[in-house]
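All remarks here apply to the structure that follows.
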Amino acid sequence: MPATAPPASDQIVLPLLTWHQTARRDLPWRRDRSPYAVWIAEVMLQQTQTATVIPYYEQWMRRFPDLAALAAASLDDVLRAWAGLGYYARPRQLYRAAQLIVARHAGQIPAARRELLALPGIGRYTAGAILSLAFGQREPVLDGNVRRVLCRLYDIAADPNTATVTKQLWTLATELVNAAPEGRPGDLNEALMELGALICTPRQPRCAACPVAAACLAHARGVEADRPLIQPTARPPHHTVVAGVIQDETGALLLIRRLPTGLLAGLWGLPGGVLLVGETMEDGIRRTIRGQIGVEVAPTALLTRIKHAYTHFRITLFAWRCQHTAGVPQPLQCAEVRWVLPDALPGLAFPATDARILQALKAAASA
DNA sequence: AACTCGGGGAC
DNA sequence: GTCCCAGAGTT
């Protein structure tokens with residue numbers, strides 16, 4: 001009997017919990033439901049897929065096994081553990097929050113929604129996840145998975161990212177967690193997310209295996225493939241970026257540390273920048289490096305070319321070997337500049353692009 | 001409400 | 001190539 005009306009919470013909660021008991025994946029952060037473990041995992045999982053997070057999470061928990069270890073670390077340690085995972089405001093906020101928890105909450109992660117939301121990097125979703133998964137509280141979560149699941153179950157035909165629909169979805173998520181049996185709000189929230197990850201997927205949802213297909217309004221209407229409604233997105237701009245690989249006679253590399261705000265904040269990298277329209281790569285290298293660290297260089301040979309997509313633009317990055325011809329490096333448009341021997345590179349946090357250039361350099365040196 | 005902020009898995 | 005992921009903060 002296909003659904004003809006929006007499902008009642010009771011039609012969803014028990015089938016979902018029963019399904020979840022056997023379908024639930026064994027993920028590293030599910031073996032430890034301590035507030036610290038949940039917090040770290042949830043922040044790492046923000047806009048980041050499970051498979052990407054797993055190795056970072058395991059390494060992080062070895063390096064910073066509890067909140068005291070994180071609070072006692074240096075920001076550089078924290079950024080290095082995060083390097084390559086993206087959205088680098090996250091580790092900075094995690095670190096700041098750890099210090100605040102020590103100062104305000106005697107080192108214990110607070111179990112109150114208001115206090116969690118007051119911490120940097122913890123928004124409505126992450127607060128709900130910590131409160132329900134670690135503390136067993138009846139608080140809802142709404143992430144990308146739950147958003148999609150709810151848009152299908154209730155056949156919400158409007159743009160799901162508007163404020164109106166988002167509010168509606170939070171209300172639905174609240175109703176569902178309120179209908180969970182005593183002591184099961186965390187399981188219910190996890191089951192909703194797990195359903196979105198395993199069954200109610202963005203493309204080709206596995207409705208035949210879905211425990212709540214009978215209650216799903218979009219499925220009954222045959223429109224599950226069109227929920228949630230997607231709106232066309234503009235193509236992001238493209239930039240050409242140049243970077244200089246500058247080595248002195250000892251083999252040391254000239255590296256910069258990025259400013260503490262903005263893109264890739266606080267991470268290390270090669271000097272360089274975005275090419276102007278019509279500018280040659282050689283001119284661009286000389287100009288950007290002069291402005292960034294006040295030295296004159298002469299590009300000699302192209303080392304490698306890398307294509308990379310950021311959130312709002314794409315780049316093609318050309319890394320050139322350069323001769324340092326004049327000037328003492330100084331941090332004009334960066335936080336720091338330093339000559340670094342190859343052995344010391346593992347001690348610095350690099351974004352993915354710079355890590356790839358350094359890998360190419362290492363490969364060329366050993367060839 | 002619009003914009004910023006990475007990187008990669010899956011198709 | 002495209003879509004989108006256990007989102008949060010700023011303007």
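Only a predicted model underlies this, so the values are computations on that prediction, with no experimental measurement involved. Quick note on labels: first sequence line is chain A, next is B, and so on, each numbered from 1.
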**Q.** DNA chain C-proximal residues of residues 29-45 of chain A, any heavy atom under 4.0 Å
**A.** A:Trp29, A:Arg30, A:Glu42, A:Leu45

Q: Answer yes or no: does a side-chain N or O of A:Gln47 lie under 4.0 Å from OP1 or OP2 of C:dG7?
A: yes

Q: Answer with base, sugar-phosphate or nothing: what part of the nucleic acid does A:Leu85 contact at a heavy-atom distance below 4.0 Å?
A: base

Q: For this output row, return yes or no: ring centroids of A:Trp82 and A:Tyr56 closer than 6.0 angstrom.
A: no

Q. Which is true for A:Gln93 with a 4.0 Å heavy-atom rule: it touches a base, it touches only sugar-phosphate, or it touches nothing?
A. sugar-phosphate

Q.
Once you apply a heavy-atom cut-off of 4.0 Å, does A:Leu94 come out as touching a base, just sugar-phosphate, or nothing?
A. nothing

**Q.** Any side-chain donor near an acceptor of the partner, A:Arg90 and A:Thr48, under 3.5 Å
**A.** yes

Q: Report yes if a side-chain nitrogen or oxygen of A:Arg314 is closer than 4.0 Å to either non-bridging phosphate oxygen (OP1 or OP2) of C:dT2; otherwise report no.
A: yes

Q) What interatomic distance, in whole Å, is found between P of B:dT4 and the corresponding atom of C:dA6? A) 24 Å

Q) Would you say the side chain of A:Thr48 and the base of B:dG6 hold a donor-acceptor pair, judged only by whether the two atoms sit under 3.5 Å apart? A) yes

Q) Between A:His312 and B:dC3, does any side-chain N or O lie under 4.0 Å from OP1 or OP2? A) no

Q.
Check this one for me: any side-chain N or O of A:Thr126 less than 4.0 Å away from OP1 or OP2 of C:dA8?
A. yes

Q | Pairs touching residues 56-71 of chain A that satisfy salt bridge (Lys or Arg N to Asp or Glu O under 4.0 Å), sequence neighbours left out | A | A:Arg63-A:Asp77

Q: Using the P atom on both, measure C:dT11 against B:dG6 and round to a whole Å.
A: 16 Å

Q) When you match A:Ala265 and A:Ala163 each to their closest nucleotide on DNA chain B, which lands nearer the 5' end? A) A:Ala163

**Q.** Any donor-acceptor N/O pair under 3.5 Å between B:dG6 base and A:Thr311 side chain
**A.** yes

Q.
At a heavy-atom distance below 4.0 Å, what parts of residues 139-156 of chain A sit against DNA chain B?
A. none

Q: Identify, between A:Arg90 and A:Thr164, the residue whose nearest nucleotide on DNA chain B lies closer to the 5' end.
A: A:Thr164

Q: Check every atom of B:dC5, C:dC4, B:dG7 against the side chain of A:Tyr87 and return the nucleotide holding the closest atom.
A: B:dC5

Q: Calculate the interatomic distance between A:Glu194 atom CD and C:dC5 atom C1'; express it in whole Å.
A: 14 Å

